[in-house]
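The sequence lines fix the lettering, A, B, ..., with proteins before strands; numbering per chain opens at 1.
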Amino acid sequence: MQHYSGFGLLKHALHYHEDWQRVWRNPTPKKKYDVIIIGAGGHGLATAYYLAKEHGITNVAVLEKGHLGGGNIARNTTIVRSNYLWDESAALYEHSMKLWEGLSQDLNYNVMFSQRGVYHTCHTLGDMRSNERLVAANRLQGIDNEMVDAEQLQKEIPSLDCSKGARYPIMGASVQRRAGNARHDAVAWGYARAADALGVDLIQNCEVIDMEISEGKITGVKTKQYGVLKADRVGCVVAGNSGVLAKMAGFELPVESHPLQALVSEPIKPFLDTVVMSNHVHGYMSQSDKGDLVIGAGIDGWVGYGQRGSYGIIEHTIQAIVEMFPCTSRVRMNRQWGGIVDACPDASPIISDTPVKNLFFNCGWGTGGFKGTPGSGNLFAHTLAHGKPHPIAEPFSMYRFHTGALIDEHGAAGVAH
Amino acid sequence: MLLIYCPHCGEHRDEEEFHSKGQAHIARPLDPDNCTDKEWGEYLFFRKNPRGLHHELWIHATGCRKFFNVTRDTVSYEIKEVYKIGERPSVVATAS
Ligand SMILES: Cc1cc2nc3c(=O)[nH]c(=O)nc-3n(C[C@H](O)[C@H](O)[C@H](O)COP(=O)(O)OP(=O)(O)OC[C@H]3O[C@@H](n4cnc5c(N)ncnc54)[C@H](O)[C@@H]3O)c2cc1C
Ligand SMILES: [Zn+2]
């Protein structure tokens, strides 16, 4: 793998940038792999990378029905944080956060991880109490999170309306200062490049249409383009399409797929150097390095696979943003889109074995799986390498919906992100 | 944006007046005291989540506040039929 560096950039400038190495190969699949990963989103690519890097398993293929990094990894609003409520989640998201903090160096690829802080504004006494509880829980877990009052908040974010005259006046906020965002595409590309360099085959335009299962055990997958590909173990990481793949394997999941929309404005001068979200008026916003405002809110309430949602949701989202940032009321929106998110009833993900032996699922990340990408891949690689879950992943079994040991993160997951 | 026909009001109304309540025709266990945890869990949480035809429950929340069923394509979002509680759908997926 060609090493990226400032010096390299200079060197290639002398050759008019014409002889850069291809970033990854485009191989034809082998007939048999140790591990097949279905889905080349952020989580699938990260899984492949850590399988090769930490477990020495390199006879691995990642099968992707479209082009790699074209699913939710390309559609999300890139918020990264680890201030969830329960110990299980804290361990999971903080594991991910620690990997984020070294990711650009680890991958030799600039994922533009920016710890610019994430604020959760509180507009009611109920908001204040639940955020104070979160902050207290996070402190006990060793995760940074703090409360600021409205006056302090106004100083930190001048463009935010913290006045008493607002329709839902802001009483305070919690802020995780280590949180922030990253460049979504770069995360997919960085993991893809690093996994490819370690020998992983990235097979694009390869759709899984069935599973080869005999005597309750998976032996391979059937693809539209290359027929049957065999594998000892199969990891399914297809986000919004998890229900479709589960159906192929003959079981149901505690998951429903919903459209989640986002939008960006025309680029404007920098005025917001952090991320602000409100569960109460229901919207969140950050500003990208390019200058566009990145805005999102909630899912469409019905099951949908169409990668688009209803206009009403966007309208409510914009109402919330204009309520919080009145100065944005004349900004024009540039683009709007949707992704299909796999929502679990307790707003926590699934990293699990399944009723089919040697078939594992990593799904249910719903509206908030971008932040989990490194951690999810790292833990799922462990699951696939050992055939049983890493201790951090153990509570996230799909069978918690049988035992009742749910990990209810509806409060901390709040407005979709 | 969905335009939904409420069979009780006999009118098409904007989606904003309605709430989707998820998969329809989920039968409550007849003998709840003797259900295993697995049976309860599946009843409460596990769903078909189909890519294609979906039979789902809706409520006309800011209208007549009554429930009804809808058969909808989850990819094109086209509503194929609307039918009342207690009735069976007439548009069904062919076995695949
Ligand atoms: C609008 C929006 C905003 C979001 N904002 C945030 C945020 O701010 N912070 C955050 O943490 N999370 C956010 N998320 C959630 C986050 O994007 C997802 O949880 C996460 O990206 C899912 O994991 P992934 O990257 O692996 O998914 P994907 O990128 O969707 O990868 C799944 C892949 O599987 C492939 N696939 C599906 N079926 C098959 C098949 N049969 N055969 C082969 N391949 C198949 C798909 O083509 C796709 O490439 C947001 C999501 C959306 C839609
Ligand atoms: Zn009605």
Side-chain contact, heavy-atom cut-off 4.5 Å: F46(B) with H402(A)? yes
In this structure, CG of N49(B) is separated from NZ of K247(A) (nearest 0.5 Å) by 10.5 Å
Honestly, the part of R400(A) sitting under 4.5 Å from a heavy atom of chain B is neither
Interatomic distance, CD@E252(A) vs NZ@K48(B), rounded to 0.5 Å, equals 5.0 Å
One should read off an interatomic distance between E256(A) CD and Q23(B) CD, to the nearest 0.5 angstrom, of 7.0 Å
Distance col, row Y311(A):OH vs E16(B):CD, nearest 0.5 angstrom, shows 10.5 Å
Ranked by heavy-atom pairs below 4.5 Å to chain A, first place among E39(B), K38(B), H54(B) goes to K38(B)
Under 4.5 Å to a heavy atom of chain B? For H258(A) that would be neither
Given the options I340(A), V303(A), N241(A), R51(B) meets side-chain contact (heavy atoms from CB on, under 4.5 Å) only with N241(A)
Heavy-atom nearest pair, R308(A) first then V75(B), reads NH2-O, 3.2 Å
Exercise. Sub-3.5 Å donor-acceptor pair from the side chain of Y77(B) to the main-chain atoms of S310(A), do we have one?
Worked result: no
Exercise for review: Return the orientation label for the F401(A) and F45(B) ring planes: parallel under 30°, perpendicular over 60°, tilted otherwise.
Suggested key: perpendicular
Honestly, the part of I314(A) sitting under 4.5 Å from a heavy atom of chain B is neither
**Report entry** Whether over 12 other heavy atoms sit under 6.0 Å from L30(B) CG
**Finding:** no
Most heavy-atom pairs under 4.5 Å with chain B, out of G243(A), P345(A), G404(A), belong to P345(A)
Cut-off 4.5 Å, heavy atoms of chain A, and the answer for L44(B) is neither
